Amino acid sequence: MHVTMGPRLPTFARTVRSAIITLLCIFGSSFLSVEANPCAVVDEGDVNPVRDCLNRPTVPGKAFVIKKLFEVNKPGIIQIRKRNDKLYVSTGLTSTTSFAQVFECSESGDCKKWFDVDEALIEATGYGISFRNWMHGGLRGITFHDNFDENGIFYSAQMQIRPNDTSGLNYLSDVENPIDADSTVTEWVLDGRKISPSSHVELLRIGMPVYDHPVKQLQFHDGWLYICHGDGSVQSATAGGGQNINDALGKVLRIRPNPRGSSELYSTFGNPWHGEEGYLSELYAVGFRNPHHIAISSTGQVVVADAGRDNIEEINCVRPGGNYGWSFREGTFVHVLQTGTLFAGVDALPSDDEGRDLDYPCAQWGHEGPVGQQFNGHAGGGGFIVENDSPLGGIYPYFDFPERGTTFYSEYTEMLNAKTRISEFGGNTSGLTQATTYKAVLVDADLEIMSDEFRTFIGSQRIDMRMGQAEDGTLFMTSKTNGAVYKVLNSVPGYVEKKYFKFPFDCNGPVINSGTVEEFGTGGKIDPTEACKARCTEREDCVGFGITGYNCEFRSAAFCLGKRAGSRDFYVQVPEYTELDGDCYTEKFLESQEVSSLEECQGLCAGYTGCMGVSFGEGVCTMRSNSCEDPDVFASSTFFAKPGASIGEQTDVSTESPTVAPTTDAPTTVAPTTNAPTTQAPTTDSPSLTPTMTPTMTPTMTPSEFCDKKCRRRKRRNRNRD
């Protein structure tokens, strides 16, 4: 874990501080999903006790296999959306560039400018995009109408220059002393291949008190346009945003755009506060600080990633009419507004919290760093629910987006089952739960890079990570820094995730290369095995790997017979075997050996190029090298053929009883075929070893031994015929 140590306090001050920290964690831990008393001991200055008392991201998770598709020639990517076979890449502001353009790209990297939002706004209204603040200005994102393919309608959100004369503009809410830019949401129409500025319709406008936490991303679902808007505060040092029912700051808004030509721009009928006096009818949920990303499931469940202040990052499963607590709550803690800072800025929930009818996160994680740190570079961003049959199906990914790009995820069903409202289950805060946060490891499909941080692939201190999604659930990743677009391969429907069998010893075999999984310690450990599996899966020449710590050594063949001394494990790819009704009458590839399971038997065969299948029965595994063109079948063993093995007609000879005692002319070993060497040159970390067998010997012949005896007799008959 890389953290910056704070200044060392005098002994007395350290003692007092540790006592305060311990007391707060002890009293605060009762309402969190935590391990047994994680706050009994607190290190001085090098950890955040709030994070350690949370259901924190220490659970090693799956690998995300990413592949770089292309780079847009302009950096500052803020969003990716895929519709049909095209990626729509929106570009915004960086510290050195000012763009508000949308590019239409193929996955092969053929990109062309699709829409310049700034130029269209200037032509339509005379006022273009505000580029004054590179972090909170510019284009914020786009979304497509459900029927875009038919009606061509889509929407954009942006910070737009505020006119001197605001009369006649559709302000949803305004402030007393506004800045010179407003949050605006606009409807556009694509007509053929052209987006005319004359199609511009401004749906709503929101006045901003400062350049901070303005309009965020949009999402269209089932006729409704969802709009996330920040609380408009200076690093949350001022109160107000989030809880006021008559403004749009710190809210999730929802409107139903009416057909063009209607007397009203949109309808709010069906919203939780529609028609209630004092409330904006556009409100869908309240109490957000910086709802950076929004996702909506196929069933309409809204999930919002809300960036916290100094301590907690939230994932909220949003319900209509919900209050998510900001600015007097940060995660499942009281937000100490005037104090702020790491750990000091939060306090334990009160025992009477049930009466406030608040909604708490369905997943959350805490910051790390020295106690008292402020604005330490952590901020939560969200992805999209993966609803397909891929290996990542059923998860919701999220990430620490500004600097690190550490990627987490939770199981979506666990998020839905989290207890987030005390008023629903009664009792006190001890009943609140959150979904488990898993820490993913990122694996580049092309490069020898495996890391727990996206910035490793981007090569920049600040990356501003974003995620996108296709209609089939496929995920994409990008960064504002370099304009690179990555595809998450194992989120694609139908992606085949290979199975591996773990041998508790190393295996010989030709070494392809080695790779190291980088771990930076941001929020818990990762599982390097998952990264090595994903990397081996993407290599056509890899059949398995040995792993030591965070280092993987990939092999193109794996000779795993016999036990070796050594501390590292070996994982071999196991294909889908075809199960026959009985044993296969073919010559052995290598001698039989006792095994503990069918999986181990198949794993032994998997790494050998010459092995085409295994006979397994009575705890004995026999690997065979040739196909089953003329097999006999025994009821006491079963044959499993590798993909590509030739399987002919089977002759059922299960009535035969091989009870003949072994003869002296039945050797216990058979020379392997030429494509299966019996010895392998040792690697630098694996001792040379010729595979040895310890076949089971019984008073009667095993099916494998009987088969070998029949094979020899058949050969003698064939020679006599010649």
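All of these numbers come straight from a predicted model, not from anything done at the bench.
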### Message
Within this structure, what is the CG-OG1 distance for the pair Asn311 and Thr341, rounded to the nearest 0.5 Å?
### Response
7.0 Å

### Task
Could you tell me whether the side chain of Asp400 and the main chain of Gly405 form a donor-acceptor pair under 3.5 Å?
no

#### Entry: Non-hydrogen atoms of Glu403 and Arg455 that approach each other most closely
O-CD, 3.2 Å

### Query
Do the charged groups of Glu471 and Arg83 touch, with an N to O distance under 4.0 Å?
yes

### Arg162 with Asp174: basic N within carboxylate O range, under 4.0 Å
yes

### Query
Could you walk me through whether Ile294 and His221 pass the side chain to side chain contact (heavy atoms under 4.5 Å, CB included) check?
CA-CA 11 Å; Ile294 180 172; His221 178 81; over 6 Å; no

### Message
Run the side chain to side chain contact (heavy atoms under 4.5 Å, CB included) test on Val303 and Ile315 for me, step by step, so that the C-alpha distance in whole Å, both residues' side-chain angles and the decisive distance to 0.1 Å come before the verdict.
### Response
CA-CA 7 Å; Val303 178; Ile315 304 299; 3.7 Å; yes

### Query
Is a side-chain donor or acceptor of Ser199 paired with a backbone partner of Val189 at a separation under 3.5 angstrom?
yes

### Task
Check the pair Asn271 / Ser281 against side chain to side chain contact (heavy atoms under 4.5 Å, CB included), numbers first and verdict last.
CA-CA 7 Å; Asn271 276 350; Ser281 293; 5.7 Å; no

### Query
Is Phe115 close to Ile142 at the side-chain level, that is, under 4.5 Å between some pair of heavy atoms?
no

#### Entry: Asn246, CG atom: more than 12 neighbouring heavy atoms under 6.0 Å
yes

### Message
Assess, by modelled atom type and distance only, whether the side chains of Thr125 and His200 contain a donor and an acceptor separated by less than 3.5 Å.
### Response
no

### Message
Keeping Gln79 on the side-chain end and Val89 on the backbone end, is there a donor-acceptor pair under 3.5 Å?
### Response
no

### Query
Would you call Leu225 and Arg254 a side-chain contact if the rule is heavy atoms closer than 4.5 Å?
no

### Message
In the structure I gave you, are the side-chain heavy atoms of Phe220 and Leu218 within less than 4.5 Å of one another anywhere?
### Response
no

### Message
Any heavy-atom pair between the side chains of Pro402 and Arg462 that's under 4.5 Å?
### Response
yes

### Query
At their closest point, which heavy atom of Gln434 faces which heavy atom of Ala418, and how far apart are they?
CA-CB, 4.0 Å

### Task
Please assess Tyr486 against Ser479 for the test side-chain hydrogen bond (donor to acceptor under 3.5 Å, both in side chains), listing each intermediate value before the final yes or no.
CA-CA 9 Å; Tyr486 288 81; Ser479 163; over 6 Å; no

#### Entry: Evaluation steps, side-chain hydrogen bond (donor to acceptor under 3.5 Å, both in side chains), between Asp180 and Tyr211
CA-CA 9 Å; Asp180 58 1; Tyr211 277 103; 2.2 Å; yes

### Query
In terms of ring plane angle, is the pair Tyr279 and Trp273 parallel, tilted or perpendicular, where the classes change at 30° and 60°?
parallel

## Note on the structure
Between the SG atom in Cys105 and the CD atom in Glu71, the distance rounded to the nearest 0.5 Å is 12.0 Å

### Query
Within a strict 4.5 Å, meaning less than it, do heavy atoms of the Phe328 and His335 side chains meet?
no

### Task
Apply side-chain hydrogen bond (donor to acceptor under 3.5 Å, both in side chains) to Asp182 and Gln160, showing your working.
CA-CA 5 Å; Asp182 295 327; Gln160 189 175 355; over 6 Å; no

### Query
Atom CD1 of Ile227 and atom CZ of Arg140: how far apart are they, to the nearest 0.5 Å?
14.0 Å

### Task
Anything under 30° is parallel, anything over 60° is perpendicular, the rest tilted; go ahead and classify Phe154 against Trp188.
parallel

### Under 3.5 Å donor-acceptor, Glu314 side chain and Gln364 backbone
no

### Task
Mind checking the CZ-OH spacing from Phe288 to Tyr324? Nearest 0.5 Å is all I need.
6.0 Å

### Query
In Å, rounded to the nearest 0.5 Å, how long is the span from CE of Met467 to NE2 of His293?
9.5 Å

### Task
Check the surroundings of atom CG in Asp191: do more than 12 heavy atoms from other residues, nucleotides or ligands lie under 6.0 Å from it?
no

### Task
Give a yes or no on whether the backbone of Gly141 and the side-chain of Ser90 come within a donor-acceptor separation of less than 3.5 Å.
no

## Note on the structure
Heavy atoms of Pro397 and Ile395 approach each other most closely as CD-O, 4.0 Å

### Task
Answer whether the closest heavy-atom distance between the side chains of Tyr266 and Asn170 falls below 4.5 Å.
yes

### Query
Going by the angle between their ring planes, with limits at 30° and 60°, are His292 and Phe401 parallel, tilted or perpendicular?
tilted

### Summary
Shortest non-hydrogen pair, Val318 vs Val304, comes out as CG2-CG2, 3.8 Å

#### Entry: Beyond-backbone contact of Val215 with Ile206, side-chain heavy atoms, under 4.5 angstrom
no

### Query
Do Asp306 and Arg289 sit within salt-bridge range, that is, some charged N less than 4.0 Å from a carboxylate O?
no

### Task
Step by step, work out the side-chain hydrogen bond (donor to acceptor under 3.5 Å, both in side chains) result for Gln158 and Thr184.
CA-CA 6 Å; Gln158 55 274 321; Thr184 62; 2.8 Å; yes

### Message
Check whether Ser423 reaches the backbone of Glu354 with its side chain - one donor and one acceptor, N or O, closer than 3.5 Å.
### Response
no

### Task
State whether the side chain of Gln219 and the backbone N or O of Ile296 hold a donor-acceptor pair below 3.5 Å, judged by distance alone.
no

### Message
One pair to check against side chain to side chain contact (heavy atoms under 4.5 Å, CB included): Asp310 and Gln373. What are the steps and the verdict?
### Response
CA-CA 8 Å; Asp310 292 320; Gln373 192 178 46; over 6 Å; no

### Query
Within the distance-only criterion (no hydrogens, no angle test), does the side chain of Asp146 pair as donor or acceptor with the backbone N or O of Gly223 below 3.5 angstrom?
yes

### Task
Indicate the ring-plane relationship of Tyr226 and Tyr284, choosing parallel, tilted or perpendicular according to the 30° and 60° boundaries.
perpendicular

### Message
If the condition is side-chain contact (heavy atoms from CB on, under 4.5 Å), which residues does Glu424 pass it with, not counting sequence neighbours?
### Response
Arg421

### Query
Measuring from Asn258:CG to Ser263:OG, what's the distance to the nearest 0.5 Å?
7.5 Å

### Task
Identify the heavy atoms of Ala124 and Pro197 that sit nearest to each other, and give their distance.
CB-O, 3.5 Å

### Query
Is it true that a side-chain atom of Thr91 and a backbone atom of Gln101 form a donor plus acceptor pair closer than 3.5 Å?
yes

### Query
Does any non-hydrogen side-chain atom of Phe103 lie less than 4.5 Å from one of Lys86?
no

### Query
Should the heavy atoms of other residues, nucleotides or ligands under 6.0 Å from CD of Glu264 be counted, would the total exceed 12?
no

## Note on the structure
Closest non-hydrogen contact found for His213 with Asp231 is ND1-OD1, 2.8 Å

